Amino acid sequence: MVRYAALKGLYDLEKTIGSGGFAKVKLATHIATGEKVAIKIMDKISLGDDLPRVKLEVQALKTLLHQHICRLYQVIETDSHYFMVIEYCSGGELFDHIVEKNRLSETESRKFFRQIVSAVAYLHSLGYAHRDLKPENVLLDREENLKLIDFGLCAKPKNGIDSHLQTSCGSPTYAAPELILGKKYLGSEVDIWSMGVLLYALLCGFLPFDDNSIENLYRKILSGKYDEPSWLSSSSKRLIRAMLQIDPKKRITIQELCNHPWITAGFLNPVSFVHKTNFEKDDDVLSTMSAICGEHASDIWRKLVKSDRTDYRTATYLLLLDRKLRGLSLRISPSA
Ligand SMILES: COc1cc(O)cc(Nc2ccc(C(=O)Nc3ccc4c(c3)C[NH2+]CC4)cc2)c1
């Protein structure tokens with residue numbers, strides 16, 4: 001097991017649970033609380049020109065507080081590496097969950113899809129676009145709630161979500177026609193297309209556009225033609241068609257999506273989200289931390305609110321808060 005001095009005494013690294021590109025993700029234990037976390041380890045040399053993306057992602061994640069967006073607890077930077085300490089989602093990738101069940105029922109698909117729509121609506125309301133929405137970038141936590149991950153490609157256009165982007169990014173299979181044509185596009189519109197592909201994958205268990213050759217794949221995407229298996233209800237067919245519109249101006253908007261009949265069927269209300277600007281103050285957690293580190297709870301809270309929210313104190317506070325919300329004891333091992 002590779003040892004990193006920067007993690008010594010803070011986190012015990014365990015097995016690798018994800019890898020891709022210039023990063024690997026390892027399971028780890030936050031020693032002070034015993035809580036599991038995921039640590040995305042990036043080597044600065046192999047990051048190369050992608051280095052600015054890490055800072056963009058960290059900046060985005062620090063402001064994104066939503067129950068269906070994977071939480072960033074801490075960032076550790078050394079001369080050679082970045083470590084992103086992230087909420088551990090023990091259910092793994094939504095992709096594997098779909099494969100395991102072949103395809104999901106309309107009810108289960110709706111439960112999951114409402115959570116994704118809530119996270120993306122929240123993201124767009126803050127001026128961000130994800131730009132790489134796919135089942136591999138959606139994890140399940142222990143209660144089978146969804147968590148959106150990997151904001152390495154997310155963009156916050158300087159003139160707001162309605163200003164055009166140009167960078168071609170994301171996986172071709174989920175990419176909107178205007179994106180693969182290299183046209184100027186709106187982040188919000190390409191996210192809607194990718195969510196259409198995601199919803200299709202949930203309900204069908206396979207992809208609407210798929211081909212081993214990239215030219216054939218592009219041709220299929222640009223045609224906008226895909227199979228509609230017999231088990232799809234007419235309501236789900238209508239929704240998928242509204243999302244997989246080739247012309248982005250004809251595509252359903254995120255607001256219309258939140259209120260779509262297929263989305264609200266069986267639920268009392270449309271999809272919504274809460275704009276949380278800060279994490280809640282919890283006196284039990286603060287007094288637990290105060291008992292160990294000797295500082296007054298009020299001083300700990302003041303430092304937390306003032307901090308850039310990616311330090312060890314923040315990680316310890318949030319992990320203890322998670323434990324409390326799950327009804328577990330609040331304990332910190334003194335070695336912390
Ligand atoms: C904000 O969250 C992020 C941001 C980012 O840039 C990258 C990631 N990447 C992750 C990828 C995977 C996991 C993860 O926990 N994967 C996982 C968890 C449990 C299991 C597996 C994978 C696979 N076997 C079953 C159990 C965590 C972060 C996140």
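All figures in this text were calculated on a predicted structure; none of them were measured in a lab. First listed ligand is number 1; within each ligand, the first listed atom is number 1.
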Atom indices of ligand 1 within 4.0 angstrom of [X] heavy atoms, with elements:
{"X": "S90", "value": "19 (C), 26 (C)"}
{"X": "A38", "value": "27 (C)"}
{"X": "L61", "value": "1 (C)"}
{"X": "K40", "value": "5 (C), 6 (O), 7 (C)"}
{"X": "Y88", "value": "15 (O), 18 (C), 19 (C)"}
{"X": "E57", "value": "4 (C), 5 (C), 6 (O)"}
{"X": "C89", "value": "18 (C), 19 (C)"}
{"X": "C70", "value": "1 (C), 2 (O)"}

Of all the non-hydrogen atoms in the protein, which one sits nearest to [atom], and at what distance?
{"atom": "atom 12 (C) of ligand 1", "answer": "L139 CD1, 4.0 Å"}
{"atom": "atom 28 (C) of ligand 1", "answer": "V25 CG1, 3.9 Å"}
{"atom": "atom 11 (C) of ligand 1", "answer": "I149 CD1, 3.6 Å"}

- Query: Does G92 have a heavy atom less than 4.0 Å from any atom of ligand 1?
  - Reply: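 It does; at least one heavy atom falls under 4.0 Å.
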Within 45° cone and under 6.0 Å: R131 NZ/CZ vs F151 ring:
no
> Y128 ring centre to K156 NZ or CZ under 6.0 Å, with the angle to the axis within 45°?
Replying inline: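 Verdict for Y128: a cation-pi partner in K156.
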Starting from the C-alpha separation in whole Å, work towards a yes-or-no answer on salt bridge (charged side-chain N to carboxylate O under 4.0 Å, His left out) for E35 and R331.
CA-CA 10 Å; E35 287 294 287; R331 59 185 175 84; 5.8 Å; no
In terms of ring plane angle, is the pair Y200 and Y226 parallel, tilted or perpendicular, where the classes change at 30° and 60°?
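Judged by the thresholds at 30° and 60°, the geometry between Y200 and Y226 is perpendicular.
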inquiry  = Show, in sequence, the C-alpha distance, side-chain angles and deciding distance for H275 and F273, and conclude whether the ring pair (Phe, Tyr, Trp, His ring centres under 6.0 Å) test is met.
reply    = CA-CA 7 Å; H275 261 294; F273 58 84; 5.5 Å; yes
side-chain hydrogen bond (donor to acceptor under 3.5 Å, both in side chains) between Y82 and K55: does it pass, once the steps are laid out? CA-CA 10 Å; Y82 273 113; K55 292 197 184 300; 2.8 Å; yes
Looking at non-hydrogen atoms alone, which of V54, I17, L72 comes nearest to atom 15 (O) of ligand 1?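 Ranked by closest heavy atom to atom 15 (O) of ligand 1, first place is I17.
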Looking only at non-hydrogen atoms, the one of D150, V37, L64 nearest atom 3 (C) of ligand 1 is D150
The single option from W301, Y312, Y73 passing ring pair (Phe, Tyr, Trp, His ring centres under 6.0 Å) against Y317:
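Only one of W301, Y312, Y73 forms a ring pair (Phe, Tyr, Trp, His ring centres under 6.0 Å) with Y317, namely W301.
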Next on the checklist: Strictly less than 4.0 Å: does any protein heavy-atom distance to atom 24 (N) of ligand 1 fall in that range?
Outcome noted: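 Protein heavy atoms within 4.0 Å of atom 24 (N) of ligand 1 - there are none.
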Q.
Tell me whether K225 at atom NZ has more than 12 heavy atoms from other residues, nucleotides or ligands lying less than 6.0 Å away.
A.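 Atom NZ in K225 is not packed in, count stays at 12 or less.
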Go through it in stages, so that I can follow the logic: the residues are K44 and S80, the test is side-chain hydrogen bond (donor to acceptor under 3.5 Å, both in side chains), and I'd like the CA-CA distance, side-chain angles, deciding distance and then a yes or no.
CA-CA 5 Å; K44 285 185 171 178; S80 56; over 6 Å; no
field: Exercise: do H124 and D191 side chains pair donor with acceptor under 3.5 Å
entry: yes
